[in-house]
Amino acid sequence: MSFPLLTATAALPALGAIATAAVPAGRRTAAKWLALLVSLGTLVLAAVIAVRFEPGGDRYQLTESHAWIKDFGVRYELGVDGIGVALIALTAVLIPFVILAGWHDADPSPASGGETPKETKNYRWRPTQGFFALILSVEAMVILSFEATDVFLFYILFEAMLIPMYFLIGGFGDRAHAGTDENAAAQRSYAAVKFLLYNLVGGLIMLAAVIGLYVVAGNFSLTEIAEARANGTLEMATNTERLLFLGFFFAFAVKAPLWPLHTWLPNAMGESTAPVAVLITAVVDKVGTFAMLRFCLGLFPEASEWATPVILALALISIVYGALLAVGQRDIKRLVAYASISHFGFIIMGIFAMTTQGQSGATLYMVNHGISTAALMLVAGFLISRRGSRLLADYGGVQKVAPILAGTFLIGGLATLSLPGLAPFVSEFLVLVGTFARYPVVGIIATFGIVLAALYTLVLYQRTMTGPVKEEVRTLPDLRLRELVVVTPLIALLIFLGVYPKPLTDIVNPAVEHTMSDVQKKDPQPEVEAAK
């Protein structure tokens, strides 16, 4: 029996979470280093997956299959295609930076003298250990969700990751909150509960669809169901397929998030620490868009085509609405949150454009958005932690006192607006080309999102970094060594993938071709006027 590489890649952070949580109170530094080493080990395993994956080989590779709940046909079934490999790599790359950026986020407040009363009186309460253990547990479940080819197993992971995220949002909120401690706690609680309720409702609707799929198909195996549909041994009534599709899509649209199911995201990102905000939008939310490709298009091709016009309209609203609200924001973190809603609109538009360029661009967009948002949000978090405020009005002239911080902030912002030469440009260009090829009007309207992105990014940089130096920012220190270690590799990745995206496209394109064959779509041929 071959080594279960996919299981090991998810099991390592899961076991690391348990070990980190068990580190004794008072050993906070040991817990941090343990979490970082586990995340680096997971990155090594993710790299092995990428090396062993053969883009021209079978659709799902490194497969594992074991009986789980025999009476209901549930199996522990794993496999990765090119899209899954790319997103596993994204997750494994980002988590070490999330841990490093949040190195002091769960430390006791200086106002408490370095210790919390709960920590001294109750040996079991270890906030720092809990913070990093929760991050590792999210990593484990996200990676396993990218590997799961059993629908029921995926559903369990899809719902289970809400639990650690709820505690990360509600229990470890942003300390730079405008208002009293009681108000800050209330806002964190509200954001955490809203996040949980929105996603639980989506999950419950998906559960009904999962049960319905089992009644129709008799099992939960993605590969078996797809094969049965392809050879004609499984036929779904049109209305049944459409209802099941809507159940799955609703849950994924909440997670994505797609307008009008997006309202939980600005609250969750605004009240979280910057690393947790990155975890939400750069890692966890990608499960929703990934699942649209793997499950919605793979299981319900006819229903996907039927729903495409409405989904494209919702994606367009997300693009323009999110960008407009980002322009008007006064809170740095909420601005990035609304910008992400706009970017997710581009991703969903690319998926349902039903073209090779659109879906390849959407997959690249998932990866590139994760890197660019991580770079921008983490630098913003470093800035906010220095000044103690998230409001744009409290900044000005930072580039004169902290030029390196300002420079990295600028590059992260330029990546967000998809500047040519940086990674997001390639993916956004492919999404627009792929959409225009089949839906030219939709592609034209979506370009307004690019204009608005330039506006909110430049407004963000101008109001914080340029102009006269405000008295409150005169003593702000520039980026420290740990912070440079976090930001520099992300900037390097943005430049490298912007200039040379071939390593990603080589892995992703064959998987996209399989998805296109699932929905029985071919790229539209350009109309060439005959020469007279």
Side-chain angles (χ1 to χ4, degrees), residues 2 5-6 9 45-65 77-93 143 145-149 154 221-227 229-231 286-287 289-301 304-305 347-370 423 426-431 433-435 437-438 496-497 500-525:
S2 60
L5 181 58
L6 298 186
T9 308
L45 291 178
V48 175
I49 290 175
V51 169
R52 290 189 57 184
F53 183 81
E54 299 177 6
D58 295 337
R59 180 173 187 176
Y60 294 109
Q61 300 179 32
L62 306 174
T63 55
E64 303 173 29
S65 183
E77 196 170 81
L78 307 180
V80 288
D81 60 1
I83 299 170
V85 170
L87 293 175
I88 290 169
L90 170 68
T91 304
V93 166
I143 288 176
S145 70
F146 292 142
E147 299 171 346
T149 55
F154 174 83
S221 173
L222 177 65
T223 53
E224 290 182 16
I225 295 172
E227 184 179 349
R229 297 213 65 180
N231 60 31
K286 299 302 186 299
V287 176
T289 47
F290 163 80
M292 291 179 188
L293 276 167
R294 174 169 283 189
F295 296 101
C296 287
L297 271 60
L299 293 173
F300 315 110
S304 297
E305 187 173 0
I347 294 171
I348 295 169
M349 184 179 74
I351 292 171
F352 285 90
M354 303 293 183
T355 60
T356 302
Q357 299 98 324
Q359 292 186 358
S360 294
T363 304
L364 292 178
Y365 214 132
M366 293 185 222
V367 176
N368 295 334
H369 170 262
V426 179
S427 45
E428 193 165 282
F429 178 78
L430 285 174
V431 165
V433 168
T435 303
R438 196 179 294 278
F496 174 76
L497 294 176
Y500 189 66
K502 191 174 183 295
L504 270 180
T505 56
D506 286 347
I507 292 176
V508 165
N509 286 343
V512 168
E513 291 174 5
H514 284 297
T515 304
M516 289 289 289
S517 68
D518 288 339
V519 294
Q520 298 180 349
K521 285 285 188 179
K522 294 183 178 180
D523 291 332
Q525 297 300 313

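For the numbers below, each heavy atom of this structure counts, side chains included, while hydrogens, waters and symmetry mates do not.
Formation of a donor-acceptor pair under 3.5 Å by the Q359 side chain with backbone atoms of I351 is found in this model. The closest donor-acceptor contact from the side chain of D81 to the backbone of A511 lies at 3.5 Å or more, if one exists at all. Side chain of R294 to main chain of A148: a donor-acceptor pair is present (N/O by atom type, distance under 3.5 Å, no hydrogens or angles). Between the side chain of T289 and the backbone N or O of K286, at least one donor-acceptor pair lies under 3.5 Å.
Remark: E305 CD is loosely packed, at most 12 non-hydrogen atoms of other residues, nucleotides or ligands lying under 6.0 Å away. More than 12 heavy atoms of other residues, nucleotides or ligands sit less than 6.0 Å from atom CZ of F53.
From L90, atom CG reaches atom CZ of F146 across 7.5 Å, with rounding to the nearest 0.5 Å. Between the CG atom of L504 and the OG1 atom of T363 there is a distance of 9.5 Å, given to the nearest 0.5 Å. Rounded to the nearest 0.5 Å, atoms CD1 (I225) and CZ (F300) are 7.5 Å apart. Interatomic distance, CD1 of I49 versus CD of Q61, reported as 11.5 Å (0.5 Å rounding). To the nearest 0.5 Å, the span separating CD1 on I143 from CG on L87 amounts to 11.0 Å.
Looking only at side-chain heavy atoms (C-beta outward), L293 and M366 come within less than 4.5 Å of each other. Between I347 and V431 the shortest side-chain heavy-atom distance does not fall below 4.5 Å. Within the 4.5 Å cutoff, side-chain heavy atoms of F352 are placed close to those of L297. Inter-residue side-chain proximity for T63 and L78 is flagged as unmet; no heavy-atom pair is nearer than 4.5 Å. Residues R59 and T515 form a side-chain contact, since some pair of their non-hydrogen atoms from C-beta on lies under 4.5 Å apart. Side-chain atoms of L222 and F295, non-hydrogen and from C-beta on, do get closer than 4.5 Å to each other. Using a 4.5 Å heavy-atom cutoff, the side chains of V426 and L497 are not in contact.
Side chains of S221 and E77: a donor on one and an acceptor on the other come within 3.5 Å.
Summarising the geometry of A46 relative to T9, their closest heavy-atom pair is N-CG2, 4.3 Å, with the distance given to 0.1 Å. What you find for C296 and S304 is that their closest heavy atoms are O-OG, 3.0 Å. Between G434 and A353, the shortest heavy-atom distance links the atoms O-CB, 4.1 Å. In plain terms, the two heavy atoms of S427 and G361 that are nearest each other are CB-O, 3.4 Å. When every heavy atom of M354 is checked against every heavy atom of M516, the shortest pair comes out as O-CE, 3.3 Å. Nearest heavy atom pair, residue P510 against residue T505, reads CD-O, 4.4 Å.
Using cut-offs of 30° and 60° on the angle between ring planes, the pair F154 and F290 is tilted.
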